[in-house]
Amino acid sequence: MKRKLIYLDVNFPSAAESYQNWEARIADELKAYTIEIKEAEKLGLENVAEQLRKNFEAEKQYIIDRYGPIEE
């Protein structure tokens, strides 16, 4: 039996395009960190959850500093 391959055209942005939109990048990071923080809290690891919050804030600041708006 032969299988037919089906390709979906989902039009995801390239990595280069993703890095140019700093606000969307921060939103993506927030989604990822939120999942990790909730898992840590569910396991009773509040110290890990707090470190993840700090890591997100540092990541957010890095993105803003490196890719954020240009102030004139």
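For clarity, every value in this text was computed on a predicted model and none was experimentally measured.
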Contact summary for A49 and A40, nearest pair of heavy atoms
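Nearest pair, atom of A49 first, then A40: N-CB, 3.9 Å.
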
Please find the pair of heavy atoms, one from P69 and one from W22, that lie closest to each other, and give the distance.
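Scanning both residues completely, I find the closest heavy atoms to be CD-CZ2, 3.1 Å.
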
Just checking, any donor-acceptor pair under 3.5 angstrom between side chains of N55 and E59?
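Distance-only check fails for N55 and E59.
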
Is any NZ, NE, NH1 or NH2 atom of the basic residue among R25 and D28 found under 4.0 Å from an Asp or Glu carboxylate oxygen of the other?
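Answer for the salt bridge query: no.
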
So, are K54 and E57 salt-bridged, with charged N and O less than 4.0 Å apart?
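E57 and K54: not salt-bridged.
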
Rounded to the nearest 0.5 Å, what's the gap from CD1 on I64 to CD on E23? Could you check?
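Between atom CD1 of I64 and atom CD of E23 there are 9.0 Å.
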
Evaluate the criterion salt bridge (charged side-chain N to carboxylate O under 4.0 Å, His left out) for residue pair E50 and R53; output intermediate values, then yes/no.
CA-CA 5 Å; E50 184 59 32; R53 287 184 194 93; 3.3 Å; yes

Residue from I26, T34, I37 passing side chain to side chain contact (heavy atoms under 4.5 Å, CB included) with F56:
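Result: among I26, T34, I37, I26 is the only option passing the side chain to side chain contact (heavy atoms under 4.5 Å, CB included) with F56.
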
Please answer: with hydrophobic residues joined when any side-chain heavy atoms are less than 4.5 Å apart, are L43 and I35 in the same cluster?
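No, L43 does not connect to I35 through the hydrophobic network.
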
